[in-house]
Amino acid sequence: MKIKKIIIASVILLTVVGYLIGAGFTDYALRRGNDDDPLAPPRACAKIADPSLLAARKPQYSNEMWTIMSTDNLKLAATYFAPTEPSHRWAVLVHGYGRDQSFTGDYAEEYLKRGYNVLTPDLRAAGASEGEYLTMGTKESEDIALWTRKIAEVDPQAQIVLHGVSMGAATVMMTTAQAMQNVVAAVEDCGYTSAYDMFTAQLNVLFGLPEFPVMPCVDIVTRLKTGAAVSEAKPLDAVVHTAVPMLFIHGDADKLVPCAMAHELYEASNAPAKELFIVEGAGHADAKNVNPQIYFERIFAFLRPYVDAD
């Protein structure tokens, strides 16, 4: 009887400790807000995101705020920018981890100059959108699919391109595995094979923690606290089911999401057409900055066969 009590007490203790480990990491890496600012990005953003990256200037085009409701009743916000001339070409630009739509302004400018309508959403738990937790692409991809449906309602002839960076790229890849309206192509820039693998690779480097028992605990607790286990954010599985052409972009000097992940994603993809663009010397989310002209030339050359000129 005494041994049984010891075993039960040990199991309870391990469960409590495991939950505390998982909850601590989940709140640190995925929860928005702090005591000073309820809209601040997750605390881990200070270690993961490049502090030198500043929000871009807002494009000087006619614009308006759009909103939709997510399937779990969060009010999501986005900005719609209209090109100078009417067009059925559309781009949905998806920001990265710890950012908001203001960081996509320079990308939006390039699409707008080429006659695209542009939508720049704030992902859940970012910017003007509601939500407490990020899910690293799982629920975000469902939200982006809703935005494409909204566009199709506004413009039934819309030809939609999805373009995401970092977590936004993971979101885009996962979105392309879903049933979507009017999406003709996608661009993913420095997305990860899975959020679980990405966090595992950075645990020791950024946080001085081992994979075990941290990540198994995190996986369980993220499902409880966010509604989606971190292991569910797995673009590597999603690209197998991608039904639209996709351009994969990655910097070979990326220390956050290893360049090897881009090769894995490219090889696994069953997209009807695909290209891999490795940018020499580019760090994480830095491919555009290394040479903006070549970056956008490569993107629009890839998109040209799938987006009709109006």
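Across every non-hydrogen atom of V214 and I21, the tightest pair is CA-CG2, 4.0 Å. The nearest pair of heavy atoms linking V279 to A287 is CG2-CB, 3.8 Å. Annotation for L146 and S70: closest pair CD1-CA, 3.8 Å, computed over non-hydrogen atoms. Across P42 and Y28, no two heavy atoms sit closer than the pair CB-O, 3.7 Å. For the residue pair G98 and C45, the shortest heavy atom distance occurs at CA-SG, 3.7 Å. In plain terms, the two heavy atoms of P235 and Y192 that are nearest each other are CG-O, 3.3 Å.
Relative to the ring axis of Y196, K234 does not place its NZ or CZ within 45° and under 6.0 Å from the centre. Geometric assessment of K288 against the ring of Y107 yields a positive cation-pi assignment under the 6.0 Å and 45° thresholds. Note that R89 lies in the cation-pi zone of Y116, set by a 6.0 Å cut-off to the ring centre and a 45° limit from the axis. At least one cation-pi condition fails for R114 and Y111: the charged atom is not both under 6.0 angstrom from the six-membered ring centre and inside a 45 degree cone around its axis.
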Please assess R124 against L134 for the test side-chain contact (heavy atoms from CB on, under 4.5 Å), listing each intermediate value before the final yes or no. CA-CA 7 Å; R124 58 176 54 218; L134 314 178; 5.8 Å; no

Given D155 and H88, is the side-chain hydrogen bond (donor to acceptor under 3.5 Å, both in side chains) satisfied, shown in steps? CA-CA 7 Å; D155 179 7; H88 294 300; 2.9 Å; yes

Could you check W90 against V161 for side-chain contact (heavy atoms from CB on, under 4.5 Å), going step by step and ending with a plain yes or no? CA-CA 6 Å; W90 287 77; V161 171; over 6 Å; no

Show your reasoning for whether salt bridge (charged side-chain N to carboxylate O under 4.0 Å, His left out) applies to E110 and K113. CA-CA 5 Å; E110 295 296 326; K113 286 194 298 188; 3.3 Å; yes

As a quick check of understanding, evaluate side-chain contact (heavy atoms from CB on, under 4.5 Å) for V165 and C190, giving each step before the final call. CA-CA 6 Å; V165 178; C190 67; 3.9 Å; yes

Give the intermediate values and the outcome of salt bridge (charged side-chain N to carboxylate O under 4.0 Å, His left out) for residues E275 and R298. CA-CA 10 Å; E275 286 185 18; R298 188 69 178 265; 3.5 Å; yes

Could you check L162 against I144 for side-chain contact (heavy atoms from CB on, under 4.5 Å), going step by step and ending with a plain yes or no? CA-CA 9 Å; L162 305 180; I144 294 299; 4.2 Å; yes

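Linking Ile, Leu, Val, Met, Phe, Trp and Tyr whenever their side-chain heavy atoms come within less than 4.5 Å leaves M246 and F296 in two separate clusters. If you chain together hydrophobic residues whose side chains sit under 4.5 Å apart, I160 and L76 fall into the same group. Linking ILVMFWY residues whenever their side-chain heavy atoms come closer than 4.5 Å, directly or via other members, leaves I249 and L236 in distinct clusters. In the hydrophobic clustering of ILVMFWY residues, with side-chain heavy atoms under 4.5 Å counting as a link, M198 and V172 come out together. Transitive grouping of hydrophobic side chains (ILVMFWY, heavy atoms separated by less than 4.5 Å) brings V257 and L30 into a common cluster.
With no hydrogens or angles considered, a side-chain donor-acceptor pair links T176 and T242 at under 3.5 Å. Side chains of Q101 and T120: a donor on one and an acceptor on the other come within 3.5 Å. Side-chain N/O atoms of D37 and N34 include no donor and acceptor closer than 3.5 Å. For D308 and Q159, the side-chain atoms include at least one donor-acceptor pair closer than 3.5 Å. When only modelled atom types and interatomic distance are considered, N289 and Y295 share no side-chain donor-acceptor pair under 3.5 Å. Between the side chains of D100 and H95, not a single donor N or O lies within less than 3.5 Å of an accepting N or O. T79 and E64 share no donor-acceptor pair across their side chains, judged by distance under 3.5 Å alone.
Y80 has its ring centre no less than 6.0 Å from the ring centre of W147.
Taking the side chain as every heavy atom from C-beta outward, N270 and V239 never approach each other to under 4.5 Å. Inter-residue side-chain proximity for F25 and L203 is flagged as met; some heavy-atom pair is nearer than 4.5 Å. Using a 4.5 Å heavy-atom threshold, the side chains of V187 and L303 count as touching. Between I294 and F277 there is a side-chain heavy-atom pair separated by less than 4.5 Å. Annotation: side chain of C259 is in contact with side chain of I278 (closest heavy-atom distance under 4.5 Å). Between N117 and F81, every side-chain heavy-atom pair lies at or beyond the 4.5 Å cut-off. The shortest distance between side-chain heavy atoms of T138 and M174 falls below 4.5 Å. Looking at heavy atoms from C-beta onward, V92 lies in side-chain contact with P121 at the 4.5 angstrom threshold.
One N or O on the side chain of N182 and one on the backbone of A158 form a donor-acceptor pair closer than 3.5 Å. With S87 contributing its side chain and G115 its backbone, the two residues share a donor-acceptor pair below 3.5 Å. Without hydrogens or angle criteria, K255 side chain to H284 main chain gives no donor-acceptor distance under 3.5 Å. A donor-acceptor pair under 3.5 Å is absent between the side-chain atoms of E188 and the main chain of M173, judged by distance alone. Formation of a donor-acceptor pair under 3.5 Å by the S269 side chain with backbone atoms of L265 is not found in this model. The main-chain N or O of A229 is never found under 3.5 Å from a side-chain atom of D219 such that the two would form a donor-acceptor pair.
Taken from OG in S141 to CD in Q178, the straight-line distance is 4.5 Å, to the nearest 0.5 Å. Once rounded to the nearest 0.5 Å, the distance linking CZ of F199 with CE of M136 reads 4.0 Å. One finds the OG1 atom of T135 at 3.5 Å from the CD atom of E140 (value rounded to the nearest 0.5 Å). With rounding to the nearest 0.5 angstrom, the OG atom of S129 is 8.0 Å from the CG atom of D143. In this structure, D237 CG and E232 CD are separated by 11.0 Å, a value rounded to the nearest 0.5 Å. To the nearest 0.5 Å, atom CD of residue E264 and atom CG of residue D197 are 7.5 Å apart.
Applying the 6.0 Å contact sphere to CD of Q293 captures no more than 12 heavy atoms from other residues, nucleotides or ligands.
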